[in-house]
Amino acid sequence: MSIKTKIKRLLGHKNQQRIKALKGWVKYCKTRSNRGLLELQSDQWAEPVVYELPDRHLFFGYYDLQQIRGDKLLVTAVPRKAKTNKHPAKLYWIDMTTGSFHEIGESRAWCWQQGARLRWHPTLENVVMFNDVEGERYVCHMVDLEKGLLRTIPRALYDVTLDGKWGLSLNYARLQRLRPGYGYDTLPDTTAGQNVPSGDGIFLVDLETGVEKLIISYDSLVKNAPEAKNQQNYVNHISISPDGSRFLFFHLWTPALGARWSGRLYVADMDGANLRCIKDGFIPSHYCWNGSNTLLITSVGFGGSASYYYQYDLAAGTKERIDHPHLVQDGHPTYLSDGNRFLTDTYPQNDSIQRLLLWDGQGDVDALCRLYADPRLVEEKRCDLHPRLTADNQMITIDTTFQKGKRSVVLLRRK
């Protein structure tokens, strides 16, 4: 155990948070001259459109979901000092032709990084899906924007097949406890104190009937990674392949909240069969599919070491690192429809500037935009850009704190 890790354990998670908050204020004092910076670096995009609400954070969430359909844009709003277990999030769609807001409903199952997993239903034109609390469980609502609630699925969903028939779920309370910012804490984690909770893991949900089935258990994952047996195990970042035949996920484990985690990247068939460890011995961070046989994975570098982008060919069983000086920082990638280029971003650098980048598929990176990131928002409340790209490659949306110390959504439209 390193000296740094020992110090962290002695401090405890809450004291670590206080120190990070103090560092954030110090950094803000040093970089506040950049506050309000939103600078386009490419002439291929029109002037940005900013969506915001007074005294509220406005954001969408993660980069792996479509935010826009037609002229409608989905957003989440919470008070500036919201607590995830006390303040419900209000969900809206925005008419991009008029800028008007239209309320969808509220959710008590939301987090700072991924919201309530608000998304468009993959096959029903005017229908959205989002997670919520009903009674003593997390659920997923299907809501028609004109008719209202259609039905409620008895598990909160992480991802859904493109035919709208199947969903995958996990224990959101456990995820929030072990990785704050990605799960929900409205309800208690009943598995607290269990390193390898039985009867828990990844669940397959029939979206027609609501029937659920545990398809990958923590017990089975720990058998493949015995070094995780005496640590706290959890699952994150489930993503279904475009053809709906399989999914990826991260199996992660940590000795304690706030301590460094270890992990493995897995792929499995939709029924949990053919579980395959794609990579261990490094820390997977972010992901995207390129077709249904190729993965793009970023690895995280701890202690200032570089992060990298790797392409995995699942059919050939090969891995290739993308070498470029601008791709040695972690980011949130999404491939363009041509399958060669991908959009990604960076975390704030020493100047508290985030960057939006485009890998051109031919060995170079184009800078699209740079924005200020308010460093006073730390830990789970930090605001990553999480760039979302429309299927036709014509629009990009990002979450940002470039102005006023709160989240807003920026839309970039190709000229």
Side-chain angles (χ1 to χ4, degrees), residues 13 61-65 84 109-117 119 131 138 140 155-160 167-185 189 191-192 194-197 200-205 214-222 224-225 228 231-241 246-268 272 275-280 282-289 295-300 302 307 310 330-334 347 379-382 384 386:
H13 184 62
Y62 226 43
Y63 69 102
D64 59 347
L65 299 176
T84 52
W110 67 276
C111 57
W112 289 103
Q113 298 304 308
Q114 300 195 352
R117 297 296 283 173
R119 75 184 76 209
N131 294 335
Y138 293 118
C140 180
R155 277 200 79 98
L157 300 178
Y158 202 107
D159 205 7
V160 175
L168 291 173
S169 180
L170 48 68
N171 184 335
Y172 272 102
R174 185 175 182 84
L175 176 58
Q176 175 63 16
R177 182 174 62 83
L178 295 173
R179 186 70 170 103
Y182 292 84
Y184 312 137
D185 60 356
D189 175 16
T191 68
Q194 302 177 49
N195 287 337
V196 188
D200 200 0
I202 298 176
F203 295 83
L204 179 67
V205 184
L214 178 64
I215 57 171
I216 295 178
S217 69
Y218 283 117
D219 289 325
S220 65
L221 292 174
V222 169
N224 292 333
Q231 299 194 44
Q232 299 186 63
N233 290 256
Y234 64 103
V235 168
N236 199 4
H237 296 323
I238 299 173
S239 180
I240 300 172
S241 63
R246 51 188 169 181
F247 64 97
L248 70 84
F249 68 95
F250 295 174
H251 170 214
L252 301 151
W253 56 91
T254 181
L257 178 62
R260 182 176 297 184
W261 64 91
S262 302
R264 286 184 166 195
L265 167 66
Y266 280 98
V267 170
L275 179 65
R276 176 182 168 194
C277 179
I278 302 301
K279 183 62 180 176
D280 62 2
F282 87 118
I283 308 300
S285 185
H286 299 107
Y287 55 89
C288 72
W289 290 92
L295 295 175
L296 181 62
I297 304 293
T298 68
S299 68
V300 64
F302 286 120
S307 300
Y310 294 93
D330 196 8
H332 305 86
T334 298
Y347 287 100
E379 293 285 273
E380 63 178 299
K381 292 184 179 180
R382 73 186 187 278
D384 304 336
H386 291 159

To the nearest 0.5 Å, what is the distance between CD (Gln114) and CG (Asn236)?
6.5 Å
Quick one: are Phe249 and Leu170 in side-chain contact, heavy atoms under 4.5 Å?
no
To the nearest 0.5 Å, how far apart are CG in Asp64 and OH in Tyr158?
6.0 Å
My understanding is that only residues two or more places apart in sequence, or in another chain, count here; which of them pass side-chain contact (heavy atoms from CB on, under 4.5 Å) with Ser285?
Thr298, Val300, Asp330
Aromatic plane relationship, His286 with Tyr347 - under 30° parallel, 30 to 60° tilted, over 60° perpendicular
tilted
Look at the side chain of Asn233 and the backbone N and O of Gln231, then say whether any donor-acceptor pair between them is shorter than 3.5 Å.
yes
Going from OG1 on Thr254 to CG on Asn195, what distance comes out if it is rounded to the nearest 0.5 angstrom?
10.5 Å
Minimum-distance pair of heavy atoms, taken over all atoms of Ala109 and Tyr138:
CB-CD2, 3.8 Å
How close do Ala268 and Ile216 get, heavy atom to heavy atom, and via which atoms?
CB-CD1, 3.9 Å
Return the CG to OG distance between Asp159 and Ser169, rounded to the nearest 0.5 Å.
11.5 Å
Hey, mind stepping through Ile202 and Tyr266 against side-chain contact (heavy atoms from CB on, under 4.5 Å) and telling me if it holds?
CA-CA 12 Å; Ile202 298 176; Tyr266 280 98; over 6 Å; no
Going by side-chain contact (heavy atoms from CB on, under 4.5 Å), name the residues that satisfy it together with Ile278, two or more places apart in sequence or in a different chain.
Leu265, Val267, Arg276, Tyr312, Leu314
For Tyr182, give me all partners under ring-ring contact (aromatic ring centres under 6.0 Å, His included), at least two apart in sequence or on another chain.
His237
Face-on cation placement of Arg174 at Tyr218 ring, 6.0 Å and 45° thresholds:
yes
Is there side-chain contact between Lys279 and Ile297, with heavy atoms separated by less than 4.5 Å?
no
Less than 4.5 Å apart, any side-chain heavy atom of Leu275 and any of Asn224?
yes
Side chains of Arg382 and Gln113, heavy atoms from C-beta outward: is any pair under 4.5 Å?
yes
Output the distance between atom CG (Asp189) and atom CZ (Arg177), rounded to the nearest 0.5 Å.
4.5 Å
Indicate yes or no: at least one non-hydrogen side-chain atom of Ile283 is less than 4.5 angstrom from one of Ser299.
no
In terms of ring plane angle, is the pair Trp112 and Trp110 parallel, tilted or perpendicular, where the classes change at 30° and 60°?
perpendicular
Is there a side-chain contact between Leu178 and Trp261 in this structure, where contact means two heavy atoms from C-beta onward sitting under 4.5 Å apart?
no
So which heavy atom on Ile238 is nearest to which on Tyr287, and how close?
O-OH, 4.4 Å
Would the distance check show the side chain of Gln232 and the main-chain N or O of Gln194 forming a donor-acceptor pair, the cut-off being under 3.5 Å?
no
Under the 6.0 Å and 45° cation-pi test, does Arg179 pair with Tyr234?
no
Heavy-atom distance under 4.5 Å between the side chains of Pro180 and Asp185, does that happen here?
no
For Tyr63 and Pro333 the tightest heavy-atom approach is CE1-O, 3.1 Å
Taking the side chain as every heavy atom from C-beta outward, state whether Leu65 and Arg117 have any pair of such atoms under 4.5 Å apart.
yes
What pair of heavy atoms forms the shortest contact from Gly201 to Leu214, and how long is it?
N-CD1, 3.7 Å
Hey, is the main chain of Arg264 close enough, under 3.5 Å, to the side chain of His251 for a donor-acceptor pair?
no
Closest non-hydrogen atom pair between Leu175 and Val235, with its separation:
CD1-O, 3.6 Å
Can you tell me how far apart CG (Leu295) and CG (Leu248) are? Round to the nearest 0.5 Å.
5.5 Å
